[in-house]
Amino acid sequence: MSARRRAVVDRTWSWLRQVHGASVVSAGPGQVVEGLEADAVVADPGLASQTALAVFTADCGPLALASPEGAMAAVHAGWRGLVAGVVPAAVEVMRRAGARSVVGALGPCIHAECYEFGASDLAAVEREVGAAVGGVTAWGAPALDLPAAVAAAAEAAGVELVFSSPVCTACSPDHYSHRARGDTGRQALVVWRD
């Protein structure tokens, strides 16, 4: 494991190559996920205290999910993944692993003021998660409110969203943004249990 990962949390990491869909990978005892193509990784209670789950984002919504019963997940929730149903798919895998209640936290992602969006794509997101996801950019163009879209998908899946970062990746000089600056780097959302 790299020194950079150990500096964050000194555990084996289960991580993905995100594909902007609804694929969920489940990790159980003795299993480590490394570089599989998917947009959510779930650890069952037997593995949750032994591993760290990670997804990498530059503007998409990094969503951490956890249950008191021990299951946890890291979800890469971009607009295509939301339309495909990645949030309910991850929650369903957690429920099969024993989760009865699920809480979530949304990390930094692009916000409406910077996320100009085409009408047909915005309509697709609205059909999937609800009309409250539309917004307006700082320059007055139609926009997707990605934090509102992730929150709506989480609520529909029975997740209590307990935190939503106020940071817009496009506005923040401390975060990567592919959309605003063409950054190729990514920040990591890392989920683990002590």
Side-chain angles (χ1 to χ4, degrees), residues 2 4-5 7-9 13-25 27 33-43 51-66 72-91 93-94 102-117 121-122 124-125 128-129 133 135 137 143-154 157 159 161-192:
S2 76
R4 290 178 76 184
R5 290 182 186 173
V8 175
V9 60
W13 283 35
S14 288
W15 57 276
L16 305 171
R17 294 186 195 285
Q18 289 80 216
V19 293
H20 300 278
S23 296
V24 180
V25 175
V33 175
E34 291 185 336
L36 295 180
E37 290 188 351
D39 284 281
V41 58
V42 174
T51 192
L53 306 179
V55 292
F56 303 96
T57 63
D59 286 311
C60 293
L63 180 63
L65 301 174
M72 64 184 191
V75 181
H76 170 261
W79 78 267
R80 286 182 175 90
L82 290 171
V83 170
V86 68
V87 174
V91 171
V93 173
M94 289 180 70
V102 179
V103 297
L106 176 62
C109 62
I110 196 165
H111 288 208
E113 65 268 17
C114 297
Y115 201 11
E116 187 170 341
F117 224 69
D121 291 336
L122 185 57
V125 180
E128 184 61 31
V129 299
V133 304
T137 65
L144 173 63
D145 185 336
L146 187 59
V150 174
V159 174
L161 195 63
V162 296
F163 176 79
S164 183
S165 174
V167 174
C168 172
T169 52
C171 294
S172 171
D174 298 324
H175 293 80
Y176 295 109
S177 175
H178 179 73
R179 192 144 179 113
R181 295 177 294 279
D183 294 338
T184 57
R186 301 288 183 264
Q187 44 268 343
L189 167 81
V190 185
V191 183
W192 74 92

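Residue numbers count from 1 along this sequence. Keep in mind that what you see is a predicted model, and the values were worked out from it rather than measured.
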Quick one: are [X] and [Y] in side-chain contact, heavy atoms under 4.5 Å?
| X | Y | value |
| --- | --- | --- |
| Val87 | Leu82 | yes |
| His20 | Cys60 | yes |
| Glu113 | Cys168 | yes |
| Leu65 | Val91 | yes |
| Pro62 | Cys109 | yes |

Checklist line | side-chain contact (heavy atoms from CB on, under 4.5 Å) between Asp39 and Ser23, intermediate numbers included | finding: CA-CA 6 Å; Asp39 284 281; Ser23 296; 5.6 Å; no
Could you give the distance from [atom1] ([X]) to [atom2] ([Y]), rounded to the nearest 0.5 Å?
| X | Y | atom1 | atom2 | answer |
| --- | --- | --- | --- | --- |
| Arg186 | Tyr176 | CZ | OH | 9.5 Å |
| Trp192 | Leu53 | CH2 | CG | 11.0 Å |
| Trp79 | Leu122 | CH2 | CG | 10.0 Å |
| Thr169 | His111 | OG1 | NE2 | 7.5 Å |
| Ser165 | His175 | OG | NE2 | 6.5 Å |
| Leu144 | Asp121 | CG | CG | 9.5 Å |

Taking all heavy atoms of [X] and all of [Y], pick out the closest pair and write down the distance.
| X | Y | answer |
| --- | --- | --- |
| Met94 | Val102 | CE-CG1, 4.0 Å |
| Ala84 | Gly21 | CB-C, 4.1 Å |
| Leu161 | Ala105 | CD1-N, 3.9 Å |
| Cys114 | Cys171 | SG-SG, 3.3 Å |
| Ala74 | Val191 | CB-CG2, 4.1 Å |
| Leu146 | Gly61 | CD2-N, 3.7 Å |

Pairing residues for [X] by the side-chain contact (heavy atoms from CB on, under 4.5 Å) criterion, not counting sequence neighbours:
| X | result |
| --- | --- |
| Val93 | Val24, Ser26, Val42, Arg96 |
| Arg179 | Asp59, Ile110, Tyr115, Ser177 |
| Ala112 | Ala143, Asp145 |

Item checked: Qualifying residues under salt bridge (charged side-chain N to carboxylate O under 4.0 Å, His left out), relative to Arg17, sequence neighbours excluded ->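 Applying salt bridge (charged side-chain N to carboxylate O under 4.0 Å, His left out) to Arg17 gives none.
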Checklist line | Pairing residues for Asp183 by the salt bridge (charged side-chain N to carboxylate O under 4.0 Å, His left out) criterion, not counting sequence neighbours | finding: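 Asp183 satisfies salt bridge (charged side-chain N to carboxylate O under 4.0 Å, His left out) with Arg181 only.
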Notebook entry, point to check: Looking at Val41, Val8, Thr51, which one forms a side-chain contact (heavy atoms from CB on, under 4.5 Å) with Trp13?
Noted result: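 The single option meeting the side-chain contact (heavy atoms from CB on, under 4.5 Å) with Trp13 is Val8.
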Checklist line | Results of ring pair (Phe, Tyr, Trp, His ring centres under 6.0 Å) for His178 - residues two or more places apart only | finding: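 So His178 forms no ring pair (Phe, Tyr, Trp, His ring centres under 6.0 Å) with any residue.
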Next item on the list: Would you confirm whether Glu128, through its side chain, and Gly85, through its main-chain N or O, come within 3.5 Å as a donor-acceptor pair?
Entry: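 Not at all, since once roles are kept as given, no pair shorter than 3.5 Å links the two residues.
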Next item on the list: Please answer whether the main-chain N or O of Phe56 pairs with a side-chain N or O of Gln18 as donor and acceptor at a distance below 3.5 Å.
Entry: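 Flag set: sc Gln18 to bb Phe56 pair under 3.5 Å.
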